[in-house]
K.L.:
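The structure that follows is given in the form of structure tokens.
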2 protein chains.
Amino acid sequence: MPNQSLMLDQVFQALANPTRREVVQLLGRGPAAMTELARSFKMALPSFLQHLQVLEKCGLVRSQKTGRSRVYELAPEPLEAAEDWMKAARRHWETRFDQLDSFLLSQKENT
Amino acid sequence: MPNQSLMLDQVFQALANPTRREVVQLLGRGPAAMTELARSFKMALPSFLQHLQVLEKCGLVRSQKTGRSRVYELAPEPLEAAEDWMKAARRHWETRFDQLDSFLLSQKENT
DNA sequence: TGAATACTTAGGTAAATGCCTAACCAATCG
DNA sequence: CGATTGGTTAGGCATTTACCTAAGTATTCA
């Protein structure tokens with residue numbers, strides 16, 4: 001895994017936008033061509049293409065050109081990577097719960 | 001839940017940065033004051049403060065001022081929300097697996 | 001009280017983001 | 001072939017982001 005951190009940067013960045021998240025959801029239902037996807041949004045096509053490119057650059061989406069149409073499909077691996085990171089972060093917090101208790105207690109004692 | 005989408009925007013945006021992700025990880029081990037946290041980074045303090053403010057604005061972190069120091073702690077709820085969104089996205093993809101098979105098949109048939 | 005510590009505010013810059021229009025291919029359709 | 005359809009490139013613009021330095025304010029220490 002070369003530069004895991006940069007990869008997470010890109011995935012989270014990609015998901016930090018409602019248009020792109022909606023595309024991910026749409027593609028969850030199955031592959032679709034660009035204009036087909038674009039119909040759901042009130043955006044100029046070049047702007048929309050940029051979003052697709054952001055998704056593709058970070059690997060959340062793959063595409064393939066057939067004839068004059070380009071078909072996109074979801075690639076859930078990066079989604080998993082991001083999910084794993086979050087899970088780990090939360091896990092730390094949870095296993096530290098007792099420590100939190102004693103911290104709050106020590107605060108009280110200092111009063 | 002007022003404007004769930006905006007909330008996800010902010011959480012994902014917050015996590016799309018290595019410094020902020022590291023802060024989240026650090027706080028997973030327990031609460032810490034600002035300068036204490038800042039020691040792990042080679043950044044000017046005002047710059048670092050901005051990161052903490054981004055984290056706090058989206059609810060990933062809470063803080064409280066005591067005397068002259070401000071103590072931060074992790075708040076894992078938004079993390080959970082983001083995780084849930086991802087889980088749902090992946091779930092769609094998974095339940096659609098058979099449809100993918102038939103799609104690829106139909107592509108082949110068109111050759 | 002004066003100095004040190006811990007954070008805050010103000011203001012500035014370079015690069016990235018999100019959007020647009022106009023114009024340009026390339027594959028079909030009539 | 002000429003027009004249409006589906007996608008792409010180029011270029012521009014306003015806003016946001018990620019950083020910085022300099023100069024505060026507010027506690028606490030000596």
Side-chain angles (χ1 to χ4, degrees), chain A residues 3 5-24 26-27 30-73 107 110-111, chain B residues 3 5-24 26-27 30-73 107 110-111:
Chain A
N3 219 337
S5 182
L6 186 72
M7 196 260 223
L8 287 175
D9 282 9
Q10 291 183 331
V11 174
F12 283 126
Q13 179 70 40
L15 294 175
N17 176 287
T19 298
R20 289 192 295 257
R21 279 200 308 278
E22 203 173 331
V23 168
V24 168
L26 285 175
L27 289 178
M34 184 183 154
T35 28
E36 201 175 336
L37 287 169
R39 265 191 275 286
S40 304
F41 305 89
K42 46 146 211 13
M43 195 181 293
L45 217 56
S47 313
F48 186 66
L49 177 58
Q50 279 191 327
H51 286 300
L52 291 177
Q53 286 169 344
V54 168
L55 288 170
E56 189 156 25
K57 189 149 57 81
C58 76
L60 272 167
V61 135
R62 270 188 298 268
S63 83
Q64 193 180 340
K65 189 140 188 181
T66 350
R68 61 186 158 169
S69 94
R70 181 176 289 278
V71 175
Y72 286 87
E73 65 169 318
Q107 291 296 88
N110 284 356
T111 317
Chain B
N3 219 337
S5 182
L6 186 71
M7 196 259 224
L8 287 175
D9 282 9
Q10 291 184 331
V11 174
F12 283 126
Q13 180 68 41
L15 295 175
N17 177 286
T19 299
R20 288 192 295 257
R21 280 200 307 280
E22 203 173 331
V23 168
V24 167
L26 285 176
L27 288 179
M34 184 184 154
T35 27
E36 201 176 335
L37 287 169
R39 265 191 274 286
S40 303
F41 305 89
K42 47 148 213 4
M43 194 179 295
L45 217 56
S47 314
F48 185 66
L49 177 58
Q50 278 191 330
H51 286 301
L52 291 177
Q53 285 170 344
V54 168
L55 288 170
E56 188 155 26
K57 189 149 57 84
C58 75
L60 272 166
V61 135
R62 270 189 297 267
S63 82
Q64 194 178 339
K65 189 136 190 183
T66 350
R68 61 185 158 171
S69 94
R70 181 177 290 277
V71 174
Y72 286 87
E73 65 169 320
Q107 289 298 87
N110 284 357
T111 318

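Letters A, B, ... are given to chains in the order of the sequence lines, protein chains preceding strands, and every chain is numbered from 1. Because only heavy atoms are used, hydrogens play no part in the values below, and waters and symmetry mates are left out as well, while side chains stay in.
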K.L.:
Using whole Å, what does the distance between atom P of nucleotide C:dT9 and atom CE of B:M34 come to?
P.N.:
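Roughly 11 Å, once rounded to whole Å.
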
K.L.:
Set out, line by line, the N/O atom pairs under 3.5 Å between protein and nucleotides 19-23 of chain D.
P.N.:
| unit_1 | atom_1 | unit_2 | atom_2 | d |
| --- | --- | --- | --- | --- |
| D:dC19 | OP2 | B:H51 | NE2 | 2.5 |
| D:dC19 | N4 | B:Q50 | OE1 | 3.4 |
| D:dC19 | N4 | B:Q50 | NE2 | 3.3 |
| D:dC20 | OP2 | B:A44 | N | 3.0 |
| D:dC20 | OP2 | B:S47 | OG | 2.4 |

K.L.:
From CG of B:L49 over to C1' of C:dG11, roughly how many Å is that when rounded to an integer?
P.N.:
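Spelled out: CG on B:L49 to C1' on C:dG11 is 15 Å.
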
K.L.:
Please report the distance, rounded to the nearest Å, between CD in A:E36 and C1' in D:dG6.
P.N.:
12 Å

K.L.:
Of the non-hydrogen atoms in B:C58 and B:Q10, which two are nearest, and what is the gap between them?
P.N.:
CB-CB, 3.7 Å

K.L.:
Would you say B:Q13 and B:V54 make side-chain contact, with heavy atoms under 4.5 Å?
P.N.:
no

K.L.:
Between D:dT28 atom P and B:K65 atom NZ, what is the distance in whole Å?
P.N.:
10 Å

K.L.:
Send over the distance from B:Q53 CD to D:dT16 P, rounded to a whole Å.
P.N.:
16 Å

K.L.:
Mind calculating the distance between CG (B:L52) and P (C:dT8) to the nearest angstrom?
P.N.:
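Rounded to whole Å, this separation is 9 Å.
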
K.L.:
Kindly give the heavy-atom pair with the smallest separation between B:L45 and B:T35, and that separation in Å.
P.N.:
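Of all heavy-atom pairs spanning B:L45 and B:T35, the closest is CD2-CG2, 4.1 Å.
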
K.L.:
Is any side-chain N or O of B:R68 closer than 4.0 Å to OP1 or OP2 of D:dT25?
P.N.:
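Negative; the distance criterion is not met.
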
K.L.:
Regarding A:S63 and A:E56, is there a side-chain donor-to-acceptor distance under 3.5 Å anywhere?
P.N.:
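Result is yes, a qualifying pair exists.
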
K.L.:
B:L15 and A:F12: which non-hydrogen atoms are nearest, and at how many Å?
P.N.:
O-CD1, 3.4 Å

K.L.:
Whole angstrom is fine here: how far is it from CG in A:D9 over to C1' in C:dT17?
P.N.:
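To the nearest whole Å, that distance equals 15 Å.
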
K.L.:
How long is the line joining CD of A:E22 and P of C:dG18, in whole Å?
P.N.:
16 Å

K.L.:
Heavy atoms from C-beta onward define the side chain here; which of D:dT8, D:dG7, C:dC7 lies closest to that of A:Y72?
P.N.:
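The nucleotide sitting nearest to the side chain is D:dT8.
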
K.L.:
Enter the distance from A:L37:CG to A:F48:CZ here, rounded to the nearest 0.5 Å.
P.N.:
5.0 Å

